[in-house]
Amino acid sequence: MKRILSVLLALVIFMSLAVPAFADGFESTNRSDLEINAIKPGDHTRAEETCWCYRVHNGMLQTRLWSITYGKWLTDWIDVGPYIGG
């Protein structure tokens, strides 16, 4: 009996999360307002790749964000906390 109730409860929760989404209607009478973006074959858009770099400076562990894509620092050095290590 408990198993049936737990399965029914799980189904009710699952169904309550499945809410349909509808797109807003596009109403434009002026054709000059339209903007068309097309990607040619071979063109790809990619997300920027980043990585966190760490160092120990004056006994403090610090981190800084590096952009792999653009080859530049995105943040200043941020203190994480005292370095406890070898």
Side-chain angles (χ1 to χ4, degrees):
M1 183 66 179
K2 287 183 181 180
R3 183 176 289 185
I4 293 172
L5 287 176
S6 62
V7 169
L8 287 175
L9 180 63
L11 285 174
V12 168
I13 292 171
F14 176 76
M15 293 304 289
S16 67
L17 297 176
V19 178
F22 299 100
D24 289 339
F26 180 78
E27 296 177 14
S28 177
T29 57
N30 188 357
R31 288 294 198 168
S32 64
D33 291 344
L34 295 179
E35 180 179 336
I36 299 173
N37 294 323
I39 298 175
K40 293 181 271 183
D43 289 349
H44 301 285
T45 57
R46 296 184 181 179
E48 180 178 7
E49 293 184 44
T50 59
C51 69
W52 286 99
C53 299
Y54 296 90
R55 76 173 182 181
V56 176
H57 182 72
N58 293 334
M60 293 292 290
L61 180 64
Q62 296 179 331
T63 185
R64 194 172 190 187
L65 188 61
W66 174 256
S67 172
I68 299 170
T69 306
Y70 299 110
K72 64 180 182 179
W73 293 111
L74 300 177
T75 63
D76 291 331
W77 286 105
I78 303 167
D79 288 337
V80 176
Y83 178 70
I84 304 171

Side-chain donor-acceptor contacts of residues 70-79 below 3.5 Å, not counting sequence neighbours, with atom names and distances?
from: Thr75; atom 1: OG1; to: Leu65; atom 2: N; distance (Å): 2.9
from: Asp79; atom 1: OD1; to: Gln62; atom 2: NE2; distance (Å): 2.7

Test side-chain hydrogen bond (donor to acceptor under 3.5 Å, both in side chains) applied to Glu48 - qualifying residues, sequence neighbours left out: Ser67
Side chain Thr50, main chain Trp66, donor-acceptor under 3.5 Å: no
Side-chain (Thr63) to main-chain (Tyr54) donor-acceptor, under 3.5 angstrom: no
Hydrophobic cluster identity match, Tyr83 and Val80, side-chain contacts under 4.5 Å: yes
For the student: nearest non-hydrogen atoms of Thr69 and Ala47, plus distance: OG1-O, 4.3 Å
